[in-house]
Protein chains: 2
Amino acid sequence: MRKIKVHIADDHQLLIDGIEAVLSSEENIEVVGSSLNGEDVLDWFASNEADILILDINMPKIDGIAVLQSFLKNGIQQKVIVLSSYDDTKLIKEVLKIGASGFLAKKCAGEHIVEAINAIYCNKQYFSESVKDKLLSTFTNNLSSIEEMSKESSFFSSLTPRETDVLKLICKQFNSKEISIALHISTNTVETHRKNLINKLKVKNVVGLAIYAMKNNIV
Amino acid sequence: MRKIKVHIADDHQLLIDGIEAVLSSEENIEVVGSSLNGEDVLDWFASNEADILILDINMPKIDGIAVLQSFLKNGIQQKVIVLSSYDDTKLIKEVLKIGASGFLAKKCAGEHIVEAINAIYCNKQYFSESVKDKLLSTFTNNLSSIEEMSKESSFFSSLTPRETDVLKLICKQFNSKEISIALHISTNTVETHRKNLINKLKVKNVVGLAIYAMKNNIV
DNA sequence: TTTTACATCACTAAAAACCGTTAGAAGCAA
DNA sequence: TTGCTTCTAACGGTTTTTAGTGATGTAAAA
């Protein structure tokens, strides 16, 4: 019998080992590789292949979203199950749009990951219960959700290097003046970057920025 | 042979199942229970016992710190291995002070959890490599670290209910006026709570508050 | 009973953040 | 070349946060 080849990507080795241990009792599933960050995922898939990629969103360097976008850009048809700590509706829609086949919240049980792998291997989709609920409530609460989805697009448009620099320092609780000194630029420039960050990430203030940064492991 | 009884507490069922799967291959270790939040941990330990508690810091309702404090308060001598996504020096020192015997960053490998359980069962301490590095660098960088530790004490002194209310709304990117409306109090009061939060948590501004909230799963 | 912690509100003044808009220079790609 | 993005910078103005200090009522704890 041909086994389903799985690659696991998560920045917590403990979770990788855990999932691997869960899957080891499944006879038709084989873990063929793992990565601790998005860069490693792309490197691995450049010279290897797997049937299914289990991909965490929150990873350092290159995050899960960027990995999916890279697959999309390069026309790689990879079956992906997205893992996330947050079952955020925006996040779910976004990853589905950019090519994920399934979405599992980390709070779901280990058995579901087996179900998800089997379902997606058979070209089905898979969502954990909590995720289904979230999605349904959005559709019932808002009839124009399709338009909204397109508006929400490019929500995860990646930040420029400089914006990332500024964001990191914001999260160190630096104010604009301190950031300007650290980066050797004027405070006006720092404030421009701040404004652009707030607009780009569609948040209201620095708190939104900090939370975005935390959720996306920029900190 | 008597098996080491282990209880696992983490808000991600997937991680619990993973650790359980990792431990299932160990003959001398037995998982006797698990909890998805701090409240469940306290309930469980009220009528059961385990040799070792593997305790995640970031949990909803009652977090890991509060669980440890509760053990301390009630004179319960429980061997605890603390799990955390963040190998923050402050955090490590704090949990050791309030009774943890070991500290594992989630980014460490599954095998280390087995090592940690065995070591702590024999009344030793256990730290993952990254944690050791962090601690050492603090001691070398700062000779007066002992005094600092005592200063840092009560860092995690829990917030009052009202402060928590305000903090939650801050994390929703509400400003003071919006918070005052939401909580039916004056903006002056809201600003007092903000000030107290900033002083109590020893942060510089709202960003520090937001990050604290994220790390402690208040959001 | 006295102290302590908590929640509430107020006033001032300075610092910082936020908003909108404009615009030049550099680099890269169609 | 032209268009696009990024980084840089500036101006003027409004809103919000932060810091410091003080004060009151209430309820629980010592």
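Throughout, protein chains are lettered first and strands after them, A, B, ... in sequence-line order, and every chain is numbered starting at 1.
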Visitor: Let me know the distance between CD of A:Glu163 and C1' of D:dT8, rounded to the nearest Å.
Guide: 12 Å

Visitor: To the nearest Å, how far apart are A:Gln173 CD and D:dT18 P?
Guide: 10 Å

Visitor: Is the closest basic N to carboxylate O distance between A:Glu178 and A:Lys172 below 4.0 Å?
Guide: no

Visitor: Should A:Ile211 and B:Cys171 count as side-chain neighbours, where that means a heavy-atom distance under 4.5 Å?
Guide: yes

Visitor: Round to the nearest Å and state the distance from A:Asn196 atom CG to D:dT8 atom C1'.
Guide: 11 Å

Visitor: One thing to verify: whether B:Asp165 and B:Lys168 come together as a salt bridge, which I'm taking to mean a side-chain N less than 4.0 angstrom from a carboxylate O.
Guide: no

Visitor: Quick check on side chain to side chain contact (heavy atoms under 4.5 Å, CB included): which of B:Ile54, B:Asp56, B:Leu55 does B:Asp10 satisfy it with?
Guide: B:Asp56

Visitor: Could you check how far NE2 of B:His184 sits from C1' of C:dC9, rounded to whole Å?
Guide: 17 Å

Visitor: With distance as the sole test, does B:Asp51 use its side chain to make a donor-acceptor pair with the main-chain N or O of B:Lys5 at under 3.5 Å?
Guide: yes

Visitor: Residues of residues 185-195 of chain A with any non-hydrogen atom less than 4.0 angstrom from an atom of DNA chain D: list those, numerically ordered, please.
Guide: A:Ile185, A:Ser186, A:Asn188, A:Thr189, A:Thr192, A:His193, A:Lys195

Visitor: What is the separation between atom NZ on A:Lys200 and atom P on D:dC7, rounded to the nearest whole Å?
Guide: 8 Å

Visitor: Nearest-Å distance, CG (B:Leu209) to C1' (D:dT17)?
Guide: 11 Å

Visitor: Which nucleotide wins on minimum distance to the side chain of B:Ile198, given the candidates D:dA19, C:dA17, C:dC19?
Guide: D:dA19

Visitor: Which nucleotide wins on minimum distance to the side chain of A:Arg162, given the candidates C:dA7, D:dT8, D:dT18?
Guide: D:dT8

Visitor: Given C:dA16, D:dT17, C:dC6, which nucleotide is nearest the side-chain atoms of B:Thr160?
Guide: C:dC6

Visitor: I'd like to know if the side chain of B:Lys204 reaches the main chain of A:Gln173, judged simply by a donor and an acceptor atom lying under 3.5 Å from each other, with no hydrogens or angles considered.
Guide: yes

Visitor: Please confirm whether the ring centroid of B:Tyr126 lies under 6.0 Å from the ring centroid of B:Phe103.
Guide: no

Visitor: For B:Asp165 and C:dC6, give me the distance from atom CG to atom C1', rounded to whole Å.
Guide: 13 Å

Visitor: Grab the CG-P distance between A:Leu183 and D:dT8 for me, whole Å please.
Guide: 8 Å

